[in-house]
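Per chain, numbering begins at 1; letters A, B, ... match sequence-line order. Everything numeric here is computed off the predicted structure, so don't read it as measured data.
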There are 2 protein chains.
Amino acid sequence: MSNTLLAKSAITCENCNLERLCIPKGLKRSDIGDLKLVVNRNNIRQKGEAIYHAGSPFRGIVALRSGSAKLLSFDRNGNEVIVDFILPGELLGFDGVSLQAHNCTAVALETVNFCHLPTQQIAALSANTPGFYQVLLQRSCSQFDAQVEKVMLSRRSAEARVAAFIVQISERLKLRGYSDTEFRLSMSREEIGNHLGIAHETVSRIFHHFQALDIVEVRTKRLKILDKKKLFGFLH
Amino acid sequence: MSNTLLAKSAITCENCNLERLCIPKGLKRSDIGDLKLVVNRNNIRQKGEAIYHAGSPFRGIVALRSGSAKLLSFDRNGNEVIVDFILPGELLGFDGVSLQAHNCTAVALETVNFCHLPTQQIAALSANTPGFYQVLLQRSCSQFDAQVEKVMLSRRSAEARVAAFIVQISERLKLRGYSDTEFRLSMSREEIGNHLGIAHETVSRIFHHFQALDIVEVRTKRLKILDKKKLFGFLH
DNA sequence: CGCGTGGTTGAGAACGGTCAATCTAAGTGG
DNA sequence: CCACTTAGATTGACCGTTCTCAACCACGCG
């Protein structure tokens, strides 16, 4: 029992497999040492549980170590709007920095394990770690690039959106060292459709269509990419 | 002549009317003094000219002092996609921070005058001005909030999008001290439609429709809001 | 004052949404 | 271990919003 705990404690920023993707990327070795001391590690949420809620005060940046989540907001009718999916190794919480209160709710799509960098520590770290704020600024601005991608996506046809969704998930998983051709979609058709701005029936139909064209093989949540070239052709 | 130059030089961060909106917001008086020394002021671009191009190296953050601009990207067919409009007092350039090269092109919609905070100075300033990076981070993260708004907008009907567009421009102008009920749209119907993801004919039709309902009065580029309540009703 | 760009208006077509029925997979309890 | 249950996924039919294409108009510039 205490052995298990020790084993988990042994995972620090220095030896974490997210090192190249998480906050430490861009920091010097010695600075990573500082970081590991203040990161609140090994937080757990079960499927459906929130990591943080919209409106709650901003408490810090979160790094997903395992599992995936959805980042959502609500329109004026109270309907959930899925702003983004978060895959392992990705950071979240930037929606709280601007107003010091979260603009979105983050909900686990399956059991997740995450690290948490508390606000006070961000301030403290940035004082004696010059590169630290730069890394954070860089990360938050990369959201801007993602936003551009999203705007472009919202102009394309339903087919192009689903194709882009598959490609994006594939590439993000590849970055993390997972297979980029065969994976499990942790979100429902409803959630995919919500995120892409199309009806869930349309998602189903297009998956079916892509399968008929031998582009992918879909069995409920399992997805296998058979023909990347054809899939890219649908990005238009 | 030299008087004119002196007069222009006299506009510094300390007495600029953008003080409450620009980078200095959130900085101490003394820090603003540091800022004014490094800001490259009084840059001009004519309508159609670029402030920066996609792909060019990131050289710093830009603050629009007067005039407006469009921030655009290109889809894979080379079509312009207008990511955002920039009104006076707003910052731009964050699309270059993440990769140190601009992801978007910024083009003047009319004659613009802007300040420029060079990259090197950002680094220098952040060293002896602890709050500086925080302000930048906050500003860049507010892009995230805007992104959420944009995603929600892309789900709504063409009518709701046009209504939201009018409301947004109105509120942003109000923030700057301009009239929020009567103003000039510096962008074409084509550009509005492009930005909102609808055909320019649809923009025209909806403007016409809103006018028929006595919500607005439109004469080409001049727009007057007659009934804010009704307009808000269309935001759904 | 004519020309051209940008804006308006109309008609038809298409894409995707909605509603409804059915199917399937993953639990759940006997 | 199997029947039962239920939420999610699929499929079909129909309908509506918005796009596209095309013609026409008007404002501003030379």
If you restrict it to nitrogen or oxygen atoms, what contacts under 3.5 Å exist between nucleotides 5-8 of chain D and the protein, and what is each distance?
none

Ion pair present between Lys150(B) and Asp84(B), side-chain N to carboxylate O less than 4.0 angstrom? yes

Check: Glu201(A) main-chain N/O paired with Ser204(A) side-chain donor or acceptor under 3.5 Å: no

CG of Leu185(A) versus P of dT10(D): gap in Å, rounded? 11 Å

Please check if the number of heavy atoms outside Lys224(A) that lie under 6.0 Å from its NZ is greater than 12. no

Side chain Arg189(A), main chain Thr220(A), donor-acceptor under 3.5 Å: yes

Using modelled atom types and a 3.5 Å cut-off, is there a donor and acceptor pairing between side-chain atoms of Lys70(A) and backbone atoms of Glu191(A)? no

Whole Å only: how far is the NZ atom of Lys47(B) from the P atom of dT5(C)? 13 Å

Arg222(A) CZ - dA25(C) C1' separation (whole Å): 15 Å

Parallel, tilted or perpendicular: which describes the rings of His102(A) and Tyr52(A), with under 30° parallel and over 60° perpendicular? parallel

Presence of salt bridge, Asp75(A) and Arg156(B), under 4.0 angstrom: no

Between dC23(C) (C1') and His208(A) (NE2): distance, integer Å: 14 Å

Expressed as a whole number of angstroms, how long is the span from Ile192(A):CD1 to dG16(C):C1'? 17 Å

Report yes or no: is there a donor-acceptor pair, N or O only, under 3.5 Å between the side chain of Arg219(B) and the base of dG7(C)? no

Quick check on Arg219(A): does its CZ atom have over 12 non-hydrogen neighbours (other residues, nucleotides or ligands) under 6.0 Å away? no

Whole angstrom value for the distance that separates P of dT18(C) from CG of Asn79(A): 11 Å

Over 12 foreign heavy atoms within 6.0 Å of CZ, Arg45(A): yes

Can you list, by residue number, the residues of residues 151-162 of chain A that have a non-hydrogen atom closer than 4.0 angstrom to DNA chain C? Ser157(A), Ala158(A)

Between residues 194-203 of chain B and DNA chain C, which residues have a heavy-atom gap below 4.0 Å? His200(B), Glu201(B)

Which of dA11(C), dA25(C), dC27(D) is nearest the side chain of Thr220(B)? It is dC27(D)

Is Arg155(B) atom CZ crowded by more than 12 heavy atoms from other residues, nucleotides or ligands, each under 6.0 Å away? yes

Taking atom P of dA25(C) as reference, at what distance in whole Å does atom CZ of Arg184(A) sit? 15 Å

Donor-acceptor pair under 3.5 Å, Arg205(A) side chain vs dG17(C) base: no

Spacing of Phe210(B) atom CZ relative to dT8(C) atom P, expressed in whole Å: 14 Å

May I ask you to decide whether Glu110(A) forms a salt bridge with Lys221(A), counting only side-chain N to carboxylate O separations under 4.0 Å? no

